[in-house]
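Along the sequence shown, the residues carry numbers beginning at 1. When reading the values below, keep in mind they use all heavy atoms of this one structure, side chains included, and skip hydrogens, waters and symmetry mates.
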Amino acid sequence: MRTQKNYMDRIRRLKQRVLDTRPEVDIENAVIVTRAFQETDGQPHYYQKAYSVYKTLLEKSIPIWDDELIVGNSGSKQRSGLCCPDDSVAFLSREIDTIHERPYDPFDFREEDKKLFREAVLPYWKGRSINDKWNAQIPEDVGALRDCGVLYIDRKCVRGWGELTPDYEMLLKEGVVGIEKRIHETLEKMDITAPGDYKKIKYLHSLLLVTEGLRQLGRRYSQKAAALAQTEADPKRKGELLKIAEVCGRVPEHPARTFHEALQSMFFLHTCVYMEHESASYNPGCFDQYMYPFYKADLEAGRITPDEAQELLDCLWVKFSEPCLFQDATTARYSAGYPLFQNLCVGGVDQNGMDAVNDLSYMVLQATMEVQMFQPSLSVKYNLARNPDKFLRKVVELIQMGTGFPAFHNDEAGILMMLNKGVPLPEAYHWNPCGCVETSLAGKQRCYTSYADYNLGMIVEFALNDGKSRKYGRAVAARTGDPRSFATYEQFLEAVKTQIRYVLRCMVAGNQVTTEIVRDMECPVASLTFKECLETGLDYAWGGAKYSMGDGLDAIGVADLINSILAVKELVYERRAITMDELLNALAADFEGYEDVQAMCQRCTKYGNDE
């Protein structure tokens with residue numbers, strides 16, 4: 001029987017406080033950002049965004065809750081939905097009086113905060129937010145498909161970027177001072193008289209505002225912890241607060257020297273990336289690889305014990321579960337649980353293709369076993385040829401607990417996916433899972449891995465209804481003619497393909513419009529950890545990352561599409577059990593009075609049954 005670790009009492013208290021705290025709408029960030037944009041009216045949008053981040057880091061609340069060893073929060077509340085007004089204010093405006101009572105992912109919304117939102121935030125952002133620009137510019141055919149439930153294509157213009165992996169290792173090794181040095185080196189190469197350089201110079205200076213904000217954030221937490229220590233009666237907690245003050249006085253300004261400093265610096269960056277554009281899937285990436293050197297050095301120097309390090313990890317795991325994805329009621333209905341998909345991975349291989357599993361890999365698995373919360377989204381990259389059996393057994397031990405973690409990825413398959421995208425092998429080795437099951441590269445890749453969803457369940461309906469939606473009574477897709485005229489199965493199948501091509505073309509058209517609009521969704525904090533952004537003076541939003549890859553499209557209803565095609569093929573064209581006219585009449589009546597036709601459809605060959 002396993003002995004209970006002493007630190008678990010703290011972890012249980014931290015965990016219970018999070019679970020007992022009802023999520024709230026957090027307006028503090030929105031108010032500060034709005035004032036910042038107003039104060040910089042006339043400046044370029046990217047400068048306004050950088051200034052708003054700087055101002056937020058200097059003015060935001062910096063709570064330190066009891067028992068915490070790792071501090072930091074993207075907002076002012078422990079569990080909150082963060083409103084980023086430059087991205088979108090529309091859905092909160094619609095749900096301002098109902099968001100607290102909606103069935104999925106409700107948020108409390110204080111009356112005084114509603115008043116602030118209505119008076120200090122909403123008037124300025126109407127017509128200015130990314131979401132407003134999208135709604136004004138969305139192509140008519142794309143909008144028609146969206147409104148009829150064929151496309152879910154608003155996701156990237158309702159909230160921030162998400163689906164990216166900052167280069168946490170850069171900050172840990174160099175600190176803010178090292179990143180500032182990189183910026184100054186690039187500035188020295190610029191010439192304001194050279195065409196195109198003025199914008200880059202102005203942009204790089206705006207990044208220096210953000211680095212100063214990060215520096216001040218650490219100092220503010222250091223001062224706050226020191227002040228709390230002065231009035232703390234419990235000697236143990238007093239010592240913990242003084243340690244927090246020491247750590248935050250060092251990072252993120254300077255390179256991390258210890259495991260505690262590395263965890264804290266990493267989490268400061270993580271919360272600030274989320275704060276500048278609230279969204280899902282900001283990924284901690286290959287955590288065991290970039291954190292292990294700090295743990296190893298502390299252990300060898302006698303600065304830390306394995307249990308002390310495990311306690312810090314467990315505290316961080318609780319912090320990952322504090323923020324709540326802020327999304328509209330409809331989206332929450334299909335993606336409930338405030339899901340942030342902060343994908344943190346262990347295992348795989350290093351830059352030389354050798355086994356990357358280390359002691360910290362096991363401790364990360366142990367943290368998920370001990371904390372048992374919904375974040376981070378733990379993934380394992382398992383390399384059959386390189387990773388040891390002992391590691392696999394530990395993974396299985398976690399899987400047996402039934403927590404849903406970890407997601408289990410074939411490392412070789414991930415490497416091949418990156419190679420297929422043109423990434424060189426040494427970099428491909430270092431891929432990390434992103435969001436659900438996509439691939440990413442820390443500090444190098446720009447890609448909406450899940451740009452939009454398209455509803456394949458509608459395709460056969462369009463082919464059988466000349467491009468009209470039965471539910472909405474609108475012609476929104478390709479006009480492929482009266483299906484009664486389809487004399488052969490091949491003609492019917494060509495109509496289906498025509499509808500698919502039409503829907504895909506509309507998605508690509510929407511993507512092109514989105515790509516232009518989100519150039520105004522600059523993300524200066526994240527860009528600080530993309531080396532090429534600093535070298536070129538180009539924000540992540542402008543394509544500054546080393547690899548800008550095509551955006552991912554998600555097919556929904558593959559089985560519905562195939563089953564529908566098979567039913568028409570078998571009943572109308574092969575067995576001739578019913579005519580096309582009879583099938584159309586049955587569909588128009590929703591099978592009422594045509595139960596025999598419905599039964600025949602249900603008995604047809606089905607996708608996935610090896611038939």
Side-chain angles (χ1 to χ4, degrees), residues 7 57 62 64 68-72 166-184 210-226 228-229 236 238-273 284-317 319-320 344 346 350-351 356 358-364 367 442-443 525 528-529 531 534:
Y7 58 78
L57 295 176
I62 51 167
I64 297 177
E68 286 194 320
L69 300 179
I70 302 296
V71 299
D167 187 352
Y168 296 96
E169 187 173 12
M170 179 193 290
L171 180 67
L172 301 187
K173 287 184 173 180
E174 301 180 17
V176 165
V177 292
I179 293 173
E180 287 175 332
K181 181 181 177 184
R182 287 177 179 268
I183 294 171
H184 285 297
V210 177
T211 58
E212 181 59 27
L214 289 169
R215 174 184 286 108
Q216 295 302 326
L217 179 69
R219 291 178 179 178
R220 292 180 66 210
Y221 268 103
S222 178
Q223 293 163 6
K224 178 73 174 285
L228 290 173
K236 181 183 178 184
K238 184 183 185 74
E240 291 169 353
L241 288 167
L242 289 173
K243 183 63 176 178
I244 291 170
E246 177 191 335
V247 168
C248 295
R250 171 76 187 182
V251 296
E253 181 175 3
H254 298 287
R257 300 167 300 183
T258 67
F259 187 58
H260 194 164
E261 288 177 359
L263 293 176
Q264 184 60 70
S265 189
M266 175 269 167
F267 193 66
F268 273 147
L269 174 61
H270 190 72
T271 58
C272 291
V273 169
C286 301
F287 185 88
D288 57 342
Q289 295 190 40
Y290 61 78
M291 281 293 179
Y292 178 64
F294 298 97
Y295 171 65
K296 182 174 181 288
D298 273 7
L299 207 59
E300 291 173 350
R303 288 190 294 262
I304 202 168
T305 67
D307 277 0
E308 288 169 342
Q310 189 69 59
E311 181 178 27
L312 288 171
L313 270 182
D314 287 12
C315 288
L316 177 62
W317 256 232
K319 294 296 288 183
F320 277 128
L344 182 152
V346 294
D350 61 20
Q351 67 272 19
N358 55 54
D359 290 346
L360 196 59
S361 309
Y362 296 92
M363 294 171 68
V364 165
V525 178
L528 288 175
T529 71
K531 182 166 64 77
L534 304 182

Considering only heavy atoms from C-beta outward, does the side chain of [X] approach that of [Y] to under 4.5 Å?
X	Y	value
P284	Y290	yes
M291	L172	yes
R219	C248	no
L312	F259	yes
E180	R215	yes
T258	F294	no
E261	H254	no
L263	Y295	no

List the atom of [X], the atom of [Y], and the distance in Å for their closest heavy-atom pair.
X	Y	answer
V177	P255	CG2-CD, 4.2 Å
Q289	D350	OE1-CA, 4.0 Å
V210	L528	CG1-CD1, 3.8 Å
D298	R257	OD1-O, 4.2 Å
L171	P252	CD1-O, 4.0 Å
S361	D288	OG-OD2, 2.6 Å

Check [Y] with [X], please: is the shortest side-chain N to carboxylate O separation under 4.0 Å?
X	Y	answer
E246	R250	no
K181	E174	no
K243	E240	no

Tell me which one of Y168, F320, W317 satisfies ring pair (Phe, Tyr, Trp, His ring centres under 6.0 Å) with F287.
W317
T271 side-chain N/O to F267 backbone N/O, donor-acceptor pair under 3.5 Å
yes
Do Q223 side-chain atoms and R220 backbone N/O form a donor-acceptor pair below 3.5 Å?
no
Pair T529, D167: side-chain N/O donor-acceptor within cut-off below 3.5 Å
no
Hey, what do you get for [atom1] ([X]) to [atom2] ([Y]), rounding to the nearest 0.5 Å?
X	Y	atom1	atom2	value
I179	K173	CD1	NZ	13.0 Å
C315	Q264	SG	CD	11.0 Å
E311	H260	CD	NE2	10.0 Å
D314	I70	CG	CD1	11.0 Å
F268	L214	CZ	CG	9.5 Å
M170	L534	CE	CG	6.0 Å

Evaluate D359 against Y292 for side-chain contact (heavy atoms from CB on, under 4.5 Å), listing each step before the verdict.
CA-CA 8 Å; D359 290 346; Y292 178 64; 4.2 Å; yes
Which residues share a side-chain contact (heavy atoms from CB on, under 4.5 Å) with L228, sequence neighbours left out
I64, K224, L241
Partner residues of K238 under the salt bridge (charged side-chain N to carboxylate O under 4.0 Å, His left out) criterion, sequence neighbours left out:
none
